[in-house]
Amino acid sequence: MDSSEGLSPITYLHLASRNLVRNRRRTLITLLTMIFGIATLTLLSALNDGWLSQMKTNFILSYTGHLQIHATGFEASQNLSDRIQEPEEVSKLMQSYPEIVGWTQRIRTSGLASVGGSSAGVQVMATDPEQETWVTSMDQRVTSGTWLRPGISHDLILGYTVAQNLGAELGDRVILMVQRLNGEMVSDVFFLRGILETGAPQIDRSLALVSLNSAQQWLQMGDSVTDIVIRADIHEHTDDLYRLFTQQLSEHKYEIMPWQELDPMVRQWLEFSDAYGFVILLVVIILVIIEILNTMLIALHERQKELGVIVAIGTTRIRIFLMLLLEAVMLIFIGAILGYLAGSLLVYSLADTGINLTRFANAFEFFYMDPVIHPQLTQDSAVKILSATLIAALLAGLYPAWRATHLSLSQALRIQ
Amino acid sequence: MGNNQDSSIIYLRGLHKCYWVGTMPFPALHGLDLDIAPGEFAVVAGRSGSGKSTLLNIVGALESADSGRVEVLGQDILGMNSEQRTRFRLHNIGFVFQAYNLIRVFTARENVAYVCQLQGKSRKESMEIANHWLHEVEIGHLGYRRPDQLSGGQQQRVAVARALASNPKLILADEPTANLDSMTGRHLIRLMHELNHRFGTTFLISSHDPDVKQAAGRLIKLADGQIVESWEEVPEPPQSLSASCPANHLPLGERVRNYIKTRKQSRARKRRGGNQRRS
């Protein structure tokens, strides 16, 4: 190919833009369809991101934190023998990372709670009452009574459902029975100080919360703990912290688990949400491709003769291909930008008030969701939507452009 | 490179072309032989279906022949691939079509400049060349208009300017006056004739318009895909169309003498070429 031959990009742009406006009505209808599609996609994507973000936040703040460090094997065994014997070794690392806004130590073990003649299996969790407030929002979810008091050894908080099942009321004596490290069963009396309602059934129906110091003495664990729970400043720093701790701590002694791994159901929900987002994206993109393909094929049919003339006077087929492709890309690009802007406006108008789904509040709580969903625009979604539409443009433009390069010159020139 | 470029700008031998509609053959050209010398103003006449457009399309590398030999400017057209033909057309042939066939979304000036840009000239230079040729065809003041804002005659002038802008050695015009009224058609033919005279560009025109035939330096009559008559004559010198054209400042007699001299040289070259081929 003679490199000196060529059309300037301005000429290509002139041709493409003027061809788009030569049939204004058709271009407008195509653009409106695309704008509607992309705006809907943007809104659905923002709603999806909004509830996902709520779900992540609620899940992380209700119980798990962003990252948990255990002794290797504890998450699978749930056995106190798999404990962190030197928590200070881990705790001193916390000061080095500004991404960490709070951390706490916990002991988790299974036990039995009894009130009067009623008993129920519980997950006994001991935590530092002050430190815990930096990591989770459990203290704010105490719906009756108050949060654990620092330095008071026999305060107890029960999950809402377990309290109901036991028929326990504030101030009641509750006997907790657990197994010590040496296998000995021990029990002690605690006083119901508060009732916690996280909305997550698996927590509300089993949690018995006591203070860390009293549990360490009661269980004869010394300073050892089972969990060190960390809260990051933003969700996105979880992976960075996970990498840092993985590098710093021996994998033989510690297992480091990000929040996604701590609850398989939440992980499945996130995967489902991704799949749902992908399906919506795919449907809208397929509609956009069909719309553009239709428009471009009609335009191609109408301009067969003109394209024939353009080739006749010396335009190579590759340039014809580029011209048609540019036209499709330009059309989709304009539609995608305007559609995304329209969608963004919708999202911003709903961002503060949100979409109120209180009618389905119970179902939402189950998934750590608030009944009011606040749509949220994220950079990831924007990149996903705009790159998907660009790929759609290329796909939709390829076939008409290819068809244009295979026009029969003599037939095209004979068209009246 | 062919053997005949010194003598003929177009050299056709035993040209066959047949179109098929389903299993029905429609012969368009049937063993056609033709030589066109540089600088000729040749008109191919004949009824509809006689093969005029097919002949021009094959010479213009727009379609292939089934068999025969086609050399244009000494190059074997039939041996070229699609890309080579496109480049050959771009640099050597200008086209004027019956229905003007301008690019609708471009102004007259952009239509003319487009071929220059294809040839690799800058946008600015292409626009200057376009302005020049639009002035030559006397519509310099209409360069900013789009085709739908021009009359048929004006559009065909733009098409002529576009054909000339790439500085071709050969212009093929397929029924250029068919869509014009007779006055505009005559005017266009005089213009093309004058351009042929001034710049020595070879014109091969298909037409059944009597005015076009009258202006022909050489008239080739086609019937059923074969040449049935061909004769040459010294045409009347073209009427001056534009006072702005530098050649129009020459005295009429001198212009006629120049033209006759050119014709004689052309015939002499052709005879020499014929002898060489025979030998």
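To find a chain, count down the sequence lines: A is the first, B the second, and so on, and within it residues start at 1. Computed from a prediction, not measured in an experiment: that's the story for all the values here.
- Atom CG of A:Leu409 sits about 9.5 Å away from atom CZ of B:Arg85, to the nearest 0.5 Å.
- For B:Tyr19, the part sitting under 4.5 Å from any heavy atom of chain A is the side chain, from C-beta outward, and nothing else.
- In this structure, B:Phe26 places its CZ atom where more than 12 heavy-atom neighbours from other residues, nucleotides or ligands lie under 6.0 Å away.
- For B:Asn101, the parts lying under 4.5 angstrom from a heavy atom of chain A are both the backbone and the side chain.
- The 12-atom threshold is not exceeded at CZ of A:Phe333, counting heavy atoms of other residues, nucleotides or ligands nearer than 6.0 Å.
- Atom CG of B:Asp224 has 12 or fewer neighbouring heavy atoms from other residues, nucleotides or ligands inside a 6.0 Å radius.
- Summarising the local packing, CG of A:Asp352 is surrounded by 12 or fewer heavy atoms from other residues, nucleotides or ligands at distances under 6.0 Å.
- Using a 4.5 Å heavy-atom threshold, the side chains of B:Tyr114 and A:Thr315 count as touching.
- Across every non-hydrogen atom of A:Glu306 and B:Leu102, the tightest pair is OE1-O, 4.2 Å.
- Judged by distance alone, with hydrogens and angles left aside, the side-chain atoms of B:Arg87 form no donor-acceptor pair with the main-chain N or O of A:Thr316 at under 3.5 Å.
- Looking at B:Val105 and A:Arg303, their side chains never come closer than 4.5 Å, going by heavy atoms from C-beta outward.
- Around NE2 of B:His16, the count of heavy atoms belonging to other residues, nucleotides or ligands within 6.0 Å exceeds 12.
- Closest of all the heavy-atom pairs between A:Val311 and B:Arg89 is O-NH2, 3.0 Å.
- Residues A:Ala312 and B:Phe95 approach most closely at O-CE1, 3.3 Å, considering heavy atoms.
- Heavy-atom neighbours of A:Phe36 CZ from other residues, nucleotides or ligands within 6.0 Å: at or below the threshold of 12.
- With values rounded to the nearest 0.5 angstrom, A:Ile310 atom CD1 is found 9.0 Å from B:Leu118 atom CG.
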Under the criterion side-chain contact (heavy atoms from CB on, under 4.5 Å), I'd like the reasoning laid out for B:Ile103 against A:Leu15: C-alpha separation, chi angles, the key distance, then a yes or no. CA-CA 9 Å; B:Ile103 302 170; A:Leu15 254 179; 4.1 Å; yes
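- At a 4.5 Å heavy-atom cutoff, the contact between B:Phe106 and chain A is made by backbone and side-chain atoms alike.
- Contacts of B:Ser82 with chain A are made by side-chain atoms alone, with heavy-atom separations under 4.5 Å and no backbone atom involved.
- Atom CZ in B:Arg104 sits 4.5 Å away from atom CZ in A:Arg22 (nearest 0.5 Å).
- Distance check: A:Ile10 CD1 to B:Arg123 CZ gives 6.0 Å after rounding to the nearest 0.5 Å.
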